[in-house]
Protein chains: 2
Amino acid sequence: MSNHPAAPAAPHGARHADDEQLLRDAGLRATGVRVAVLRALDRLQHATADDVVRAVRTDIGSASVQAVYDTLHALTGAGLLRRMEPAGHPARYERRVGDNHHHVVCRACGAVADVDCTVGQAPCLTPSATQGFTIDLAEVTFWGLCPDCASRP
Amino acid sequence: MSNHPAAPAAPHGARHADDEQLLRDAGLRATGVRVAVLRALDRLQHATADDVVRAVRTDIGSASVQAVYDTLHALTGAGLLRRMEPAGHPARYERRVGDNHHHVVCRACGAVADVDCTVGQAPCLTPSATQGFTIDLAEVTFWGLCPDCASRP
DNA sequence: ACGTTTTCTGGAACGATTCCAAGTTGCGTC
DNA sequence: GACGCAACTTGGAATCGTTCCAGAAAACGT
């Protein structure tokens, strides 16, 4: 488990080789690219599509950009991945799904980290006046400076 | 005040013609385009840059795309406007600044509405573990369906 | 009236992502 | 073990919102 310095609280339950089963359980074929994408996101947190392409290529030798995008979409759609897109930055993907956690984004370098919300499980999930909207998700993004960027103007 | 069916809580204080003073107070020249942009956003809430371009052109006859983008940046930088960018949608601008309010975005049509957070003034503004980040803003976005889109599959 | 700032026109470029078509590979099932 | 469909490949072009460029003209505030 040395690759999992801080194991996510999310119950995605799969250990490396079991990603195949995870995919099948979700009704998806367990293909090379898909397994490699999951493995890549096991190591890289909040990786961009580009990060994933590179990681997958290092892992299994080659993969087309489209295959990776397709996979990211399929896995996100199946609920195996979560997608977040900080304003002004490319989308980022993570395996931590199902728990309601939020993100801090560094204004300077764009680094992203996870944060658990203070306010219990479902934070501001019930706004007072919803304007008639049916709400299914509350997304909280904190903006600031990461430790590195804070220590230089 | 018929244009202000629900006057924003934000104390931006300016009535139509006083936008010029508002600009000067912010250290900006009160130019035609800038005043027109403010006026446009008085009517249109959560307008895209494109919406603003069209509104400004209807208002003062003509304006270049760049002038509007420049203005939106200048005014946002001066704190007269707030910019929000829902994932997968173009940026939107609004005059309601200084209060901490949040947004609902319709997954289907992209419509945006304001919401006040249930949890008092500074909602999830103090996350438990900030990972060493210095946080200056908490942005909350609710996702769901607007009344219109909810009433058709 | 002057100097500075802003806006203009018109164009090209950007980055992330999507889409295309047609051919190949490789899963999973029978 | 073979078959059929889903997934992947290559290579290219296109999208959209936004930014950047340069030089000239206009407009603002002192």
Side-chain angles (χ1 to χ4, degrees), chain A residues 17 19-38 40 46-54 56-57 59-78 80-81 83-93 105 109-110 112, chain B residues 17 19-38 40 46-54 56-57 59-78 80-81 83-93 105 109-110 112:
Chain A
D19 287 338
E20 301 193 2
Q21 196 52 51
L22 193 69
L23 286 162
R24 291 197 198 94
D25 290 350
L28 296 169
R29 289 194 177 181
T31 71
V33 174
R34 286 177 180 172
V35 172
V37 165
L38 284 176
H46 313 111
T48 62
D50 201 63
D51 293 336
V52 175
V53 169
R54 275 199 302 271
V56 167
R57 286 184 175 160
D59 191 2
I60 59 170
S62 76
S64 67
V65 175
Q66 290 82 332
V68 171
Y69 271 105
D70 286 353
T71 297
L72 290 171
H73 286 154
L75 301 197
T76 305
L80 300 184
L81 294 183
R83 174 188 222 256
M84 62 122 10
E85 197 180 325
H89 297 274
R92 289 163 176 276
Y93 297 86
V105 184
C109 71
V112 176
Chain B
D19 287 337
E20 302 193 1
Q21 196 52 52
L22 193 69
L23 286 162
R24 292 198 196 91
D25 291 350
L28 296 169
R29 288 193 177 181
T31 71
V33 174
R34 286 176 181 173
V35 173
V37 165
L38 284 176
H46 313 113
T48 63
D50 201 63
D51 294 335
V52 175
V53 169
R54 276 199 301 272
V56 166
R57 285 183 176 160
D59 190 2
I60 60 170
S62 76
S64 67
V65 175
Q66 290 81 334
V68 171
Y69 272 106
D70 285 352
T71 297
L72 289 172
H73 286 155
L75 300 197
T76 304
L80 299 184
L81 294 183
R83 174 189 223 256
M84 61 122 10
E85 197 180 326
H89 297 274
R92 288 162 176 277
Y93 297 86
V105 184
C109 71
V112 176

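Keep in mind that the numbers below use all heavy atoms, side chains included, and drop hydrogens, waters and symmetry copies. Note that this is a predicted model, so its numbers are computed, not measured. Letters go in sequence order (proteins before strands), and every chain restarts at 1.
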Student: B/Ala30 near the nucleic acid: base, sugar-phosphate alone, or nothing, with a heavy-atom cut-off under 4.0 Å?
Tutor: sugar-phosphate

Student: Using only atom types and a distance under 3.5 Å, with no angle test, would you say the side chain of B/Arg83 pairs donor to acceptor with the backbone of B/Ala91?
Tutor: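 Here the side-chain-to-backbone pair does not exist.
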
Student: Atom CD of B/Glu20 and atom P of D/dG29: how far apart are they, to the nearest Å?
Tutor: 8 Å

Student: Under the side chain to side chain contact (heavy atoms under 4.5 Å, CB included) rule, what do B/Asp70 and B/Val33 come out as? Steps first, then yes or no, please.
Tutor: CA-CA 10 Å; B/Asp70 285 352; B/Val33 174; over 6 Å; no

Student: Can any side-chain N or O of A/Asp25 pair as donor or acceptor with the backbone N or O of A/Leu22 at less than 3.5 Å?
Tutor: no

Student: Distance check needed: C/dT6 P versus B/Leu75 CG, whole Å only.
Tutor: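 Roughly 11 Å, once rounded to whole Å.
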
Student: Considering heavy-atom distances to DNA chain D, does B/Arg24 or B/Asp50 have its closest nucleotide positioned more toward the 5' end?
Tutor: B/Asp50

Student: Taking atom P of C/dG15 as reference, at what distance in whole Å does atom CZ of A/Arg92 sit?
Tutor: 16 Å

Student: Taking the P atom in each of D/dG17 and C/dG10, what is the distance between them to the nearest angstrom?
Tutor: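 So the two P atoms sit 22 Å from each other.
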
Student: Could you walk me through whether B/Leu23 and B/Leu38 pass the side chain to side chain contact (heavy atoms under 4.5 Å, CB included) check?
Tutor: CA-CA 9 Å; B/Leu23 286 162; B/Leu38 284 176; 3.9 Å; yes

Student: At under 4.0 Å between heavy atoms, how does the protein contact nucleotides 5-17 of chain D? Give one character per nucleotide, 5' to 3', with B, S or -.
Tutor: BBSSSBBB----S

Student: Round to the nearest Å and state the distance from B/Glu85 atom CD to C/dT17 atom P.
Tutor: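 Answer to the nearest Å: 12 Å.
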
Student: Is the backbone of B/Met84 close enough, under 3.5 Å, to the side chain of B/Arg92 for a donor and an acceptor to pair up by distance?
Tutor: no

Student: Short question: side chain of A/Asp51, backbone of A/Thr48 - any donor-acceptor pair under 3.5 Å?
Tutor: yes

Student: Round to the nearest Å and state the distance from B/Asp25 atom CG to D/dG29 atom P.
Tutor: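 One finds 12 Å between P of D/dG29 and CG of B/Asp25, rounded.
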
Student: Rounded to the Å, how far apart are B/Leu72 CG and C/dT7 P?
Tutor: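 One finds 11 Å between P of C/dT7 and CG of B/Leu72, rounded.
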
